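When a residue number appears, it is its place in the shown sequence, counting from 1. This is a predicted model, so every value here is computed, not measured.
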Amino acid sequence: MGIAKSKLDIDLTKSNLRQFVSGENSVSINIPVKNGLPHFKDVCEMLAQQDYDFPFEVVCVDSGSTDGSDALAEASGFRVVRIDPKDFGHGKTRNYAASLSKADYLVFITHDAIPNDKDWLSTLIAPMRADPKVAGVFSRHVAHSDADPFVTWELEQHFLGLSDFPVVEIADREEYDANEGLQQIYHFYSDNASAMPRRVWKQHPYPNVQFAEDQIWAKEIVEAGYRKAFAEGSVVRHSHSFGPFETLQRSFDESRAFRKLFGYRLGKSPIHVLKSAAYLAKRDLGLAVRNGWWKSHPKKTVSRLFEAFARPLGHYLGSRDSLPDFITRHLSRDDWIRNL
């Protein structure tokens, strides 16, 4: 299916018969989809509004939607490719979508990352068009409109910190190798909304791993001599609010992956867990009191106090070299999701 300029073709009788777009500055937007509603409807609508001055297409790889997401994608004029849910992998599925493309640039978003305005795509692509050494670009995230204020604040603070690093490139390898904090900044990358040149992907596809495929990829490209860019003006609405147990699970998966893949230990000791929990609880309680969130969001305020302990505990457990299998099975949210 070809999509010229900013207009999405919604002719269902022809959408799956057309060739993929190609040519200078062409773009393929690739979306792994599974039961993405209701946010996926907004994604489709905002993609239709993108103002980009070269051809672009949208390719959805659906892994077993039962809520009508695949039909919505087809009705929006997107090319839909269906795979067995058991074949899904974070890196594997994105590589499959990329392999279908002939476009100059490969864009990856998730089915719940909603472009914030009509310039999201053009702003995301701009750093690569301006500098051939830029191998990866990612968007800024803001919270969904229905997100709780704690999540909104956390996202704002996270990406505000990244604004000090609009483009990163390893200039001093010795300093980079010795500074774990610097490595974490250079490795941070989010393929919830990101882009790369197709020529780079052919040399550096996503790794086929269970977690953190985007950050492993970022580590690989910066260590190969490329630059990584943060397109602060390219914004998507994407956020999640988790309770204490889900926070524990996600922290466990994050810590386990970072230990295995990067050698980071996010939870160093039980004392570190207690100190981190105390800090987070004090911070969140202070935010709730100063901003009146304890009145407007009383249940979430209480939940955050439990989450303050769950987060560092998950990091500590995930950083252990070995745990009984039954603990790992219950704590790994990523393993549970893959088995749905």
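V236 has its side chain out of reach of N192: every pair of non-hydrogen atoms, C-beta onward, lies at least 4.5 Å apart. A 4.5 Å side-chain heavy-atom check between L313 and F252 finds every atom pair outside the cut-off. Inter-residue side-chain proximity for S69 and H111 is flagged as unmet; no heavy-atom pair is nearer than 4.5 Å. With contacts defined as side-chain heavy-atom distances shorter than 4.5 Å, the pair H187/F258 does not qualify.
Looking at K300 and E307, a side-chain N of the basic residue comes within less than 4.0 Å of a carboxylate O on the acidic one, giving a salt bridge. Ionic pairing of D253 and R250 is not present here: no N-O contact between side-chain nitrogen and carboxylate oxygen is shorter than 4.0 angstrom. Using a cut-off of 4.0 Å between Lys/Arg side-chain N and Asp/Glu carboxylate O, R283 and E154 are scored as salt-bridged.
Although no hydrogens or angles enter the test, the distance criterion places a donor-acceptor pair under 3.5 Å between the side chain of S239 and the main chain of H144. Without hydrogens or angle criteria, S101 side chain to A103 main chain gives a donor-acceptor distance under 3.5 Å.
Considering R256, R259, K260 as possible partners of D321, the one that fulfils the salt bridge (Lys or Arg N to Asp or Glu O under 4.0 Å) test is R259.
Crowding of E174 atom CD: a count of heavy atoms from other residues, nucleotides or ligands under 6.0 Å not exceeding 12. A 6.0 Å sphere centred on CD of E232 holds more than 12 heavy atoms belonging to other residues, nucleotides or ligands. Around the NZ atom of K275, the shell of radius 6.0 Å holds no more than 12 heavy atoms that belong to other residues, nucleotides or ligands. Taking a 6.0 Å sphere around CH2 of W153, one finds it holds more than 12 heavy atoms contributed by other residues, nucleotides or ligands.
The stretch residues 181-201 participates, sequence neighbours left out, in these salt bridge (charged side-chain N to carboxylate O under 4.0 Å, His left out) pairs: R94-D191.
Using a 3.5 Å distance cut-off with no hydrogens or angles, the side chains of T123 and S234 do not pair a donor with an acceptor. No hydrogens or angles considered: a donor-acceptor pair under 3.5 Å links the side chains of Y176 and E223. A side-chain donor from one of E220 and H204 sits under 3.5 Å from a side-chain acceptor of the other.
Between E24 and D104, the closest heavy-atom pair is CA-OD2, 3.3 Å.
Using bins of under 30°, 30° to 60° and over 60° for the plane-to-plane angle, the ring pair F138/F159 lands in the tilted bin.
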Could you list the donor-acceptor pairs under 3.5 angstrom formed by side chains in residues 35-47, with sequence neighbours left out?
residue: N35; atom: OD1; partner: T66; partner atom: N; Å: 2.6
residue: N35; atom: OD1; partner: T66; partner atom: OG1; Å: 3.4
residue: N35; atom: OD1; partner: D67; partner atom: N; Å: 3.2
residue: K41; atom: NZ; partner: E45; partner atom: OE2; Å: 2.5

